[in-house]
Q: 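Attaching a single structure in structure tokens format; questions to follow.
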Amino acid sequence: MALCAASISHNNTPRILSSSSNTFSQLNNQKKISASPHFSLLSLTPRSSLSRSSFVSQWGRREPYSLHGHVSCSVKAVLLDESKEKLHLPKGDMWSVHKFGGTCVGSWERIKNVAQIIVQDSSEGKLVVVSAMSKVTDMMYDLIDKAQSRDGSYVSAVDAVFEKHKLTAMDLLDGDDLASFLSRLHHDINNLKAMLRAIYIAGHATESFSDFVVGHGELWSAQLLSYVVRKNGLDCEWMDTREVLIVNPSGSNQVDPDFVESEKRLEEWFSRHPSKTIVATGFIASTQQNIPTTLKRDGSDFSAAIMGALVRARQVTIWTDVDGVYSADPRKVSEAVILRTLSYQEAWEMSYFGANVLHPRTIMPVMRYDIPILIRNVFNLPAPGTMICRPAENEDGQKLESLVKGFATIDNVALVNVEGTGMAGVPGTASAIFGAVKDVGANVIVISQASSEHSVCFAVPEKEVAAVAEALKSRFHEALNAGRLSQVAVIPNCSILAAVGQKMASTHGVSATLFNALAKANINVRAIAQGCSEYNITVVIKRGDCIRALRAVHSRFYLSKTTIAMGIIGPGLIGATLLDQLRDQAAVLKEDFNIDLRVMGITGSRTMFLNDVGIDLSRWRELVKDKGEVADLEKFRQHVHGNHFLPNTVLVDCTADSNVASCYHDWLRRGIHVITPNKKANSGPLDQYLKLRALQRQSYTHYFYEATVGAGLPIISTLRGLLETGDKILRIEGIFSGTLSYIFNNFKGTRAFSNVVAEAKQAGYTEPDPRDDLSGTDVARKVIILARESGLKLELSDIPVQSLVPEPLRASASAEEFMEQLPQYDNEMARARQEAEDAGDVLRYVGVVDAESQQGLVELRRYKKGHPFAQLAGSDNIIAFTTTRYKEQPLIVRGPGAGAQVTAGGIFSDILLLASYLGAPS
């Protein structure tokens, strides 16, 4: 017959153990036996050597239980079977491990919420690791600081800690549970006061004293939670992990778990306190000498991973206050997304580089046994969270995962560059450098060395760089004086950006894509590091560029929309039409093309309106009118370009103002893209044009001006396509003015020239003063632009222009006066028309680029009625390219060449071309 007795647990709850069979049977809920307190009933089996998958059934088989007679609570013994075998902790998939951080248990309401999550978990065994209540660990460290500083206010600070936990307990517990907890709390607080008094007198606290003090927060939260879980009907014990987790100090403020010893102690603990639900303290542990210690800051994640490994858990769930692991810091990249899965390596890399994922050492214990980690939001239970596990493979063995999983940054770092010809080929130089760094206790984050061994560059936290530089100069004093080392240079104000993804190792072009995105955002890279595993690519950049760089690369790898900050200059006819087109297309661009165009400012010559997040284009006219301020082009530029959250900036000049055009060079130099239909820059002084184009070619900033020549027609792009594919331009001839095309298409029969001009003006085809069109200057500017694009170095003054404005009317005071006097000169134009008709020709006003003779001209010409130029209607333009490939049959581009809609459409097309260059999918 088996022996039976009761044993007293930490919380004075007696426990009855029985083992009448060799299987793990259920742990019964608390049950009254006679007049004795509540008992926990358990049947245990020795651990077998089954696989992890077979463990699932061990705990699931239920054995009949019978209790013979009443047992007095004063008796202390253990119920054993006849063989008196030692009781073992079952391991495997029946266990789920949960870790709740300080925010999750920050108040009595949140502790109750956590208890409900535990109760609702259907796992047969639940091991819950809990942090101290929110802010309590900081309060405990503050106690030590005050006592060491001999600040007597530590006493009142201890009382505040006591009061916080007492009030929480009073809201959660009652009766014996409350009395038991408060008794333990009083006892602990009195011990703390005595220890802090000793620290106060000594003026110093050893590390073990400090670890002992700060670990109390976890002890109290674990006890509170275990009481609440029991109130919800579950058998539950709390574990002081200082009795179980054994660690060895490893230097650099870290510890290494002793898994063998910890596993042994866990077995012993469980044989004394068997339970289906265990609430364990996070963060704290003991050394081999049983001296209390901690797993250091944020160590509760590490605790959960170690416990998960010790019990070979099915899963470790880290409960926090975010929905999962983001692809980038959402405070810096608003479009950051929750990652559904990460590999162990990816999670480790992201945590190392500062991502708010896990304690960096959390991954290793669970990775040994392929135990997945699930990151979930305790305040948003429907959110699925992020699963960290071994990557899945498809039938072909290919890993199913994204190319780049995410990006992380570390701010406030400095680069140290040790440089000199005496370093090349000298063994031990790197060892000496990093030995000196180690001696001052600095943490090296990134190392980069050229294959020439001429220099070694590495990054350290900025607060440590002065000590590092001093140590290096001292260590290499002789080498510096002898010239073997040229310098120990410090580059402050840096940030580190890391791209992380396991699949990067097997994919070509990832580095090229990354650096291309940085270059297009005008970001200069100061150092590069990449391990041969290729799990991450790390770059060091200026701190001021960090957010812009992060957004640029995040956008480039399709994790967010290609976002462009836009400034619209000149909300006149064309500018206003463009703004309306942007308004109508914005939603489609976001949803279907992943392009987010944000107009951050609109400015005219007198008024401008600025906005920090993007102007509501459905009411831009109202906003400019009612909330506009005095126009200031420099302030406008600073505002649009100054938003670090938007990596790409473009200024769209819809004016014909030469003063605005003169700013293009400065804008491009600053990394601002420019798009314009304004012809003044490209047809202005040749040296300025060449300077502008040279800057464009040397940088990754883009300058698009398709609409300067053909409005919405692809004239510039066609010309570039011909030249870039090796064709040679012989001649470009065309009707470049939609206004003059309309006039001469309708100047036929007996119609007077002045009547046709008046009709065109009335229809809106001409400028307010028709002389601007009839003078031919606009056509001449288009000719000079095409000539320069073809490689000719011509000034505008080199182009002979036949003006259609009668000489006496060129000095007329106003457009109205000009229109009144124009009929006086109708006869001259009528004669020219008649002469053409008599010869079977039509009149057309054309521009010509003769590349072979290196000249251009603008004039009124006659063409046979069968010529393509004679077939036009309305305000269409037509341009003929005669090249070595298209010599017998010129390449012709024809279509509407004037009007606000087509011109704005041409500008819009350039904006989308820019978005494509910046990474938007095509």
Side-chain angles (χ1 to χ4, degrees), residues 10-11 100-115 129-174 177-228 238 240-242 279-284 292-300 303 320-321 378-379:
H10 286 297
N11 53 17
F100 294 94
T103 308
C104 303
V105 292
S107 66
W108 70 267
E109 297 98 335
R110 291 182 179 180
I111 293 174
K112 287 185 71 174
N113 181 50
V114 166
V129 177
V130 64
S131 298
M133 292 179 69
S134 180
K135 308 296 184 187
V136 168
T137 300
D138 290 335
M139 294 171 75
M140 304 305 282
Y141 276 113
D142 186 55
L143 293 179
I144 298 167
D145 291 340
K146 281 182 163 64
Q148 287 186 126
S149 304
R150 294 196 169 106
D151 181 349
S153 65
Y154 80 86
V155 177
S156 60
V158 173
D159 291 337
V161 171
F162 170 76
E163 198 67 21
K164 179 181 180 73
H165 289 85
K166 185 184 83 169
L167 293 174
T168 303
M170 292 174 69
D171 285 325
L172 288 170
L173 309 176
D174 52 31
D177 288 348
L178 177 60
S180 176
F181 177 79
L182 291 180
S183 174
R184 175 66 180 263
L185 181 63
H186 274 289
H187 179 267
D188 289 345
I189 290 294
N190 289 334
N191 283 345
L192 282 175
K193 284 183 176 179
M195 182 167 284
L196 291 166
R197 177 63 181 169
I199 294 172
Y200 178 88
I201 293 170
H204 172 70
T206 64
E207 183 178 359
S208 58
F209 268 46
S210 297
D211 287 346
F212 177 78
V213 171
V214 299
H216 277 75
E218 279 72 17
L219 294 171
W220 298 326
S221 63
Q223 292 173 69
L224 281 170
L225 181 57
S226 67
Y227 279 119
V228 178
W238 80 275
D240 180 348
T241 48
R242 293 177 300 188
V279 178
T281 56
F283 181 54
I284 57 177
T293 187
T294 69
L295 302 183
K296 311 312 172 188
R297 275 287 195 176
D298 302 318
S300 291
S303 298
T320 180
D321 56 0
V378 73
F379 306 117

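Worth saying up front: this structure is predicted, and the values here are computed from it rather than measured.
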Q: How many angstroms lie between CE in Met170 and CH2 in Trp108, if you round to the nearest 0.5 Å?
A: 13.0 Å

Q: Any chance you could lay out the side-chain contact (heavy atoms from CB on, under 4.5 Å) test for Leu143 and Lys193, step after step, and finish with the verdict?
A: CA-CA 10 Å; Leu143 293 179; Lys193 284 183 176 179; over 6 Å; no

Q: Which atom names give the shortest non-hydrogen contact between Ala205 and Ile144, and what distance separates them?
A: CB-CG2, 4.0 Å

Q: Tell me, yes or no, whether the heavy-atom count around Phe209 atom CZ, taken from other residues, nucleotides or ligands under 6.0 Å, exceeds 12.
A: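 No, because the 6.0 Å sphere around CZ of Phe209 holds 12 heavy atoms or fewer from other groups.
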
Q: In Å and rounded to the nearest 0.5 Å, what is the CD to OG distance from Glu218 to Ser303?
A: 8.0 Å

Q: Report the C-alpha separation of Leu219 and Asp240 in whole Å, then their side-chain angles, then the decisive distance to 0.1 Å, and conclude whether the side-chain contact (heavy atoms from CB on, under 4.5 Å) test is met.
A: CA-CA 7 Å; Leu219 294 171; Asp240 180 348; 3.6 Å; yes

Q: Parallel, tilted or perpendicular: which describes the rings of Trp220 and His216, with under 30° parallel and over 60° perpendicular?
A: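 Judged by the thresholds at 30° and 60°, the geometry between Trp220 and His216 is tilted.
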
Q: Do Val136 and Met140 pass the side-chain contact (heavy atoms from CB on, under 4.5 Å) test, and can you show the C-alpha distance, the side-chain angles, and the key distance before you say yes or no?
A: CA-CA 6 Å; Val136 168; Met140 304 305 282; 4.1 Å; yes

Q: About how many Å separate CZ of Phe162 and CG of Asp188, when rounded to the nearest 0.5 Å?
A: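 Output value for this atom pair is 11.0 Å.
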
Q: side-chain contact (heavy atoms from CB on, under 4.5 Å) between Phe379 and Thr103: does it pass, once the steps are laid out?
A: CA-CA 10 Å; Phe379 306 117; Thr103 308; 4.0 Å; yes

Q: Sequence neighbours excluded, which residues qualify as side-chain hydrogen bond (donor to acceptor under 3.5 Å, both in side chains) partners of Asp145?
A: none

Q: Looking at every heavy atom in both Val279 and Ala222, which two are closest together, and how far apart are they?
A: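 It is CG1-O, 3.5 Å.
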
Q: Classify the angle between the aromatic ring planes of Tyr227 and Phe181 as parallel (below 30°), tilted (30 to 60°) or perpendicular (above 60°).
A: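 Because their plane-to-plane angle is over 60°, the rings of Tyr227 and Phe181 count as perpendicular.
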
Q: If you count heavy atoms of other groups shown closer than 6.0 angstrom to CD of Glu109, is the number above 12?
A: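 Enclosed.
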
Q: Mind checking the CG-OG spacing from Leu173 to Ser180? Nearest 0.5 Å is all I need.
A: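 With rounding to 0.5 Å, CG (Leu173) is 9.5 Å from OG (Ser180).
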
Q: Is a side-chain donor or acceptor of Arg242 paired with a backbone partner of Ile284 at a separation under 3.5 angstrom?
A: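 Side chain of Arg242 to backbone of Ile284, a donor-acceptor pair under 3.5 Å: no, none is there.
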
Q: Quick one: CD1 on Ile189 to CD on Glu163, what's the gap to the nearest 0.5 Å?
A: 10.5 Å

Q: So which atom in Gln223 and which in Trp238 form the shortest heavy-atom distance, rounded to 0.1 Å?
A: CG-CE2, 3.4 Å

Q: In chain order, what residues pass the salt bridge (charged side-chain N to carboxylate O under 4.0 Å, His left out) check against Lys164, with sequence neighbours excluded?
A: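 Lys164 satisfies salt bridge (charged side-chain N to carboxylate O under 4.0 Å, His left out) with no residue once adjacent residues are dropped.
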
Q: How long is the straight-line distance from CG of Leu196 back to CG of Asn191, given to the nearest 0.5 Å?
A: 10.5 Å

Q: Give the minimum heavy-atom separation between Asn113 and Val378, together with the two atoms involved.
A: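 Heavy atoms only, the tightest pair is ND2-O, 3.6 Å.
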
